[in-house]
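Since the structure comes first, as structure tokens, the remarks are kept for the end.
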2 protein chains.
Amino acid sequence: MAGPGTPGTESSRTESPRERYRSQVRAEVKERAWEQMAEAGASALSLNAIAKQMGMSGPALYRYFASRDDLITALIRDAYRGLADTVRLAYGTGEGEPAGSGAGSGGGPGADASREAGRASRGAEDATAPLARIAHALRGWALADPQRYFLVYGTPVPGYHAPEDITAIADEIMRTLLDACPAPPADRPATPFETHLADHRQWAAGHPAPPAALRRALSFWTRLHGVLSLELAGHFDGMGLDPDRLFAAELDGLLAP
Amino acid sequence: MAGPGTPGTESSRTESPRERYRSQVRAEVKERAWEQMAEAGASALSLNAIAKQMGMSGPALYRYFASRDDLITALIRDAYRGLADTVRLAYGTGEGEPAGSGAGSGGGPGADASREAGRASRGAEDATAPLARIAHALRGWALADPQRYFLVYGTPVPGYHAPEDITAIADEIMRTLLDACPAPPADRPATPFETHLADHRQWAAGHPAPPAALRRALSFWTRLHGVLSLELAGHFDGMGLDPDRLFAAELDGLLAP
DNA sequence: GGGCGCGAGTTAGAGGCTATCACTCGCGTT
DNA sequence: AACGCGAGTGATAGCCTCTAACTCGCGCCC
């Protein structure tokens, strides 16, 4: 199916013209698929409609994707990859860089939102600056294409199990989060849940973060997902509050203690 | 379920036999729909398959539901209704009641989980007991049928707008949450976000809760949704941690300060 | 008690979708 | 120059939603 070497996403070097064309068509199909998904959701994605848009006849697309599920899986993979890159880039970004372009597949807004993170003039408070940058990058990435976010964190299809390379990216995201979590002062007593985490840390196997940091990464993940997914789903719409400030407040409460 | 008066889900009194039969068939269709949804997700819901299961031929169901979307909307309405009832009932439950049966449509697990809420022997800490009961009832309701939870809080369909009677139920849920939020000690200074909420409280219009309580209800909602939705979607599956304890820890952190 | 209206259920069918199969045709390699 | 392989085609099966025209029988009204 895919070219030589790894059967992953993009081709490697020394592409033959055939392979070149092939991956180009695959990319265009995925682009149309993203458009369709943004305007009608994942369930409305139609291979047929995409083919017609591209001036081809229905079954032609089966040369490029084995099935509709296969296309959706590819989209999920790209979404995970883009999110992991976005998070990693936000973590790695120092203070000087203007953040540049080319983050994953979506790009768009949210690139400069990480500027106003922690300008608190204290030296010790800078330890949470990477987390703040990640938080704003995450929200920017999500707002740029909500359906893409929901492809990662939205309603699961009961039967579906993601292939291993996708779960590997999910692990990578958690690893970056752990990297960004500052080690807390060691003298604070561990909470009961932290002692539980000390014994149940398969997901952080091989990572040196102490239990308190695991707890922090977990809170960061679950709490930001809570506000963000409700915002993206429109549940704050008629309420009159400013989602921006709600997110900022949640982030504040997360970084302060 | 919902008694007479409102023209919502069930029929009113003095039903003619025709109407009786009609609402019975509607109920059976919805039951089969829930089964289908539980095992294959909302996008796999098929009117045709339901009709065949019931020994009828396809188009017959259009006597009972105007379209597939209409059926799904009815399911969404029932889900909201059941959630609102569950939350309300958990809030209203005193200490003596054994919780009984007949909570909404799902019932099932989580009914007795609210017992171990706040046994801290302090008198002032009991103020958070209703919130704890609601939290456990919410999780029980969600675990009993994850797809039902996702019908309320999962991936939204871009074009879809819920009818007004459904948003009314959503408001009712928020109102119950506000009822359950204890008023904080008035001497604490307001956070910036709380002052924002003081001016942007359309969603709590007519409710006497102070801004700090609004903030608390909002946090309760977003944070519990964060852990719960990630658990239901299976994102903790390979991680080795106990979702039960994670939820309890999140709830603890929510009620303590 | 008898006639009739209304609603439940049927079949036929249009149009859309996924997916398979057999086929043609042209580019790039040998 | 010839050939193989892969891109694209139309035909087809089977599923779906939803409409239209029709039949049949229960229950209401006179």
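Sequence lines set the chain letters: A, B, ... in the order given, protein chains first and strands last, and positions in each chain run from 1.
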### Task
Return no unless some side-chain N or O of A:Ser57 is found under 4.0 Å from OP1 or OP2 of D:dG8.
no
### Query
Counting just side-chain N and O atoms, does A:Arg22 come under 4.0 Å of either OP1 or OP2 of D:dA7?
yes
### Query
Ion pair present between B:Arg26 and B:Glu19, side-chain N to carboxylate O less than 4.0 angstrom?
no
#### Entry: N-O pairing of B:Asp171 and B:Arg175 below 4.0 Å
no
### Query
Any donor-acceptor pair under 3.5 Å joining the side chain of A:Arg63 to the base of D:dG8?
yes
### Task
Please state how far atom CG in B:Leu61 lies from atom P in D:dC18, giving the value in whole angstrom units.
11 Å
### Task
Search all heavy atoms of B:Gly82 against all heavy atoms of B:Trp141 and return the closest pair with its distance.
C-NE1, 3.9 Å
### Task
Using a heavy-atom cut-off of under 4.0 Å over every strand shown, decide if B:Phe65 touches base, sugar-phosphate, or nothing.
nothing
### Message
Can you list everything that forms a salt bridge (Lys or Arg N to Asp or Glu O under 4.0 Å) with B:Asp179? Sequence neighbours excluded, please.
### Response
B:Arg88
### Task
For residues 59-73 of chain B, pull every pair meeting side chain to side chain donor-acceptor pair (under 3.5 Å), keeping only residues two or more places apart or in separate chains.
B:Thr73-B:Tyr160
#### Entry: Contacts of type side-chain contact (heavy atoms from CB on, under 4.5 Å), residue A:His200, not counting sequence neighbours
A:His196
#### Entry: Gap between atoms CZ and P, on A:Arg26 and D:dG8 respectively (whole Å)
14 Å
### Message
One thing to verify: whether A:Arg148 and A:Asp78 come together as a salt bridge, which I'm taking to mean a side-chain N less than 4.0 angstrom from a carboxylate O.
### Response
no
### Task
Grab the CD1-P distance between B:Ile72 and D:dC16 for me, whole Å please.
15 Å
### Message
Using whole Å, what does the distance between atom P of nucleotide D:dC18 and atom OH of B:Tyr64 come to?
### Response
18 Å
### Task
Assign the ring pair B:His225 / A:His225 to parallel, tilted or perpendicular, where the plane angle (0 to 90°) is split at 30° and 60°.
parallel
### Message
Looking only at the side chain of B:Lys52 (C-beta and beyond, no hydrogens), which of the listed nucleotides D:dG8, C:dT10, D:dC16 gets closest?
### Response
D:dC16
### Summary
Against the side chain of B:Tyr21, the closest entry in C:dG9, C:dC17, D:dG8 is C:dG9
Which pairs, protein N/O on one side and nucleotides 24-30 of chain D N/O on the other, fall under 3.5 Å?
none

### Task
Send over the distance from A:Arg20 CZ to D:dA7 C1', rounded to a whole Å.
18 Å
Expected rows: protein N/O vs nucleotides 18-21 of chain C N/O, under 3.5 Å:
from	atom 1	to	atom 2	distance (Å)
C:dT18	OP1	A:Leu47	N	2.7
C:dT18	OP2	A:Asn48	N	3.0
C:dA19	OP2	A:Tyr62	OH	3.2
C:dA19	OP2	A:Arg68	N	2.7

### Summary
In whole angstroms, the gap separating C1' of D:dC18 from CG of B:Asp70 amounts to 13 Å
Would you tabulate the side-chain donor-acceptor contacts of residues 35-51 of chain B under 3.5 Å, counting partners in other chains and residues two or more places apart, or write 'none'?
from	atom 1	to	atom 2	distance (Å)
B:Gln36	OE1	B:Ser46	N	3.0
B:Ser46	OG	B:Asn48	N	3.4
B:Ser46	OG	B:Ala49	N	3.0

